[in-house]
2 protein chains.
Amino acid sequence: MSVVLPSSARRVPCEQCPLRTMAQFRAFEPAELKFVSSFKTGELQAETGATLLSEGAHSAHLYTVLSGWAFRYKLLPDGRRQILNYMLPGDLVGLQGSVIGEMQHSVEALSPLVLCVFQRDRLDTLFRNHPGLGFDITWLAAREERMLDDHLLSLGRRTAIERAAYLLAFLHQRAASVGLSATSRLHIPISQLHVADTLGLSIVHTNKTLRKLAERQYIRWLDRACEVLDVEGLMAVAGWEGLPDIKRPLI
Amino acid sequence: MSVVLPSSARRVPCEQCPLRTMAQFRAFEPAELKFVSSFKTGELQAETGATLLSEGAHSAHLYTVLSGWAFRYKLLPDGRRQILNYMLPGDLVGLQGSVIGEMQHSVEALSPLVLCVFQRDRLDTLFRNHPGLGFDITWLAAREERMLDDHLLSLGRRTAIERAAYLLAFLHQRAASVGLSATSRLHIPISQLHVADTLGLSIVHTNKTLRKLAERQYIRWLDRACEVLDVEGLMAVAGWEGLPDIKRPLI
DNA sequence: CGAGTTTTTGAGACCAATCAAGTCTCGTGG
DNA sequence: CCACGAGACTTGATTGGTCTCAAAAACTCG
């Protein structure tokens, strides 16, 4: 298993953050931006497959994804794995650990990853001096809760093909919302094993299910990646409305 | 479908809140307590089966459960229902709606319910003037996220009997932690249909699964209620460690 | 008492898991 | 340059867990 690289020198100043200019994100007060800039202590790079945070660890850090994909998961004692959600640029990583204490899930990089590193012990200063940012963190926690609600609905009440369609439409939409489709054709960097462990299905059945979606021309499966050809089609199969298009905060 | 009763006169002053004396909850600064007291505008009583909040509604309120049980759920377009989580005394209700805007799930009372009603539009004042309380709300959101993570693991990777054992152990522990077992024998006020819609199983298979747990003397099923006889046994079946025993905030 | 839930049980169908190979690609080392 | 092993994806056969259909029994409430 590959390891996280040591924290490298700071590269991107918050004032010139490439994410902050995107329409998707809420504008900041100058004072807030200045604080966030001081809140950030550096950047961390991780390669594909690196474990960023481990279940049970206490020394959790707080990060925001600057670029790349990651996912978080839990294991059962006998090794069965459940992927809980995915992280894309602009998403907070490690909030549960920072707020409550112990991490109860692990986080792994799905692609080369760059993270902004924050000083967890200054979180109280953030809440004290910048209530707007405190509210933003709550907002992001509520957003995560919503995504989990959707996943729960999917695992509990959707059939295999509906679940698969939902997941791929969901990931496609999230990626598109942070501009990942603008540059080139959007490829979701997951293997079928990731899909299986997200949907609660076996790898074999996942393969047969994805195959059906591919036959209908909704997706195309590449090696360790998925290309969505018809989001509308996927959403129709899943009976999913899509994510609400709301401006969101970026810490 | 029964309806929520009109907001009644205030009964319990926050300074004499029966929950606040429990060891489970974190102590408050006097100033915080005073603010919360002014933040609370009254109480709301709901009868069993009443819908407190509806998916899609914008005029969501913010509540804390004072006594009783509730649950939140989502529906698929064709009516399939997934129960997402349960609410017990001390739990916030309607945070997603208050923070983000639109509710994307509904909330229904499982038993006669008393709620503290808060002024949603003073939430920003709370964050501005009482950063500790702002942090507490984030803490509670992170806690909910954790519970959802556990449920997701359950739906995705546990077998039917493991899921059932996990759910009942989980609910038993939560109820015990807010003192519901102290008075009398603890009865979880849910029907097998609720269990089915929580576990993502059919009602028929749920019945057969619960029957197995009852045969092993882990639970006893009463009419529309479950009595847990052996939590340890349930936890062993589920391979579940139990909830961490941490002091938590009470808004 | 009668109507409507809730719980129970059985039978058959179907969806998804497991078992078992087999192909491809890629990277490594002889 | 080729042999080899590890991952990732495919495919078919078989098994088994869960669903649906159907109906009845138990219980609640008005």
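All values below come from the heavy atoms of this structure, side chains included, with hydrogens, waters and symmetry mates left out. Numbers restart at 1 for each chain; the letters A, B, ... are given by sequence-line order, proteins then strands.
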Proximity of B:Phe71 and B:His194 rings by center, below 6.0 Å: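 Here the rings of B:His194 and B:Phe71 have centres that are less than 6.0 Å from each other.
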Rounded distance (nearest 0.5 Å) linking atom CD of A:Glu43 with atom SG of A:Cys116: 5.5 Å
Using whole Å, what does the distance between atom [atom2] of nucleotide [N] and atom [atom1] of [X] come to?
X        : N      : atom1 : atom2 : result
A:His205 : D:dT10 : NE2   : P     : 15 Å
B:Arg163 : D:dG17 : CZ    : C1'   : 11 Å
A:Lys208 : D:dA8  : NZ    : C1'   : 16 Å
A:Glu215 : D:dC9  : CD    : C1'   : 15 Å
A:Asp197 : D:dC9  : CG    : P     : 12 Å
A:Lys212 : D:dT10 : NZ    : C1'   : 15 Å

If you measure from the Lys or Arg side-chain nitrogens to the Asp or Glu carboxylate oxygens, is any gap between [X] and [Y] under 4.0 Å?
X        : Y        : answer
A:Arg80  : A:Asp197 : no
B:Arg72  : A:Asp149 : yes
A:Arg248 : A:Asp91  : yes

Letter per nucleotide, 5' to 3', of nucleotides 3-8 of chain C [B base touched, S only sugar-phosphate touched, - untouched; heavy atoms, 4.0 Å]: ---SSB
Under 3.5 Å donor-acceptor, A:Arg220 side chain and A:Leu229 backbone: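 Flag not set: sc A:Arg220 to bb A:Leu229 has no pair under 3.5 Å.
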Residue-level proximity of residues 75-88 of chain A to DNA chain D when a heavy atom falls under 4.0 Å: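 Contacts with DNA chain D under 4.0 Å: none.
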CA sep, side-chain torsions, deciding dist, call: B:Leu148, A:His151, side chain to side chain contact (heavy atoms under 4.5 Å, CB included): CA-CA 10 Å; B:Leu148 297 181; A:His151 296 172; over 6 Å; no
Matching residue for A:Asp150 among B:Lys74, B:Gln82, B:His105 - test: side chain to side chain donor-acceptor pair (under 3.5 Å):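 Only one option passes, and that is B:Lys74.
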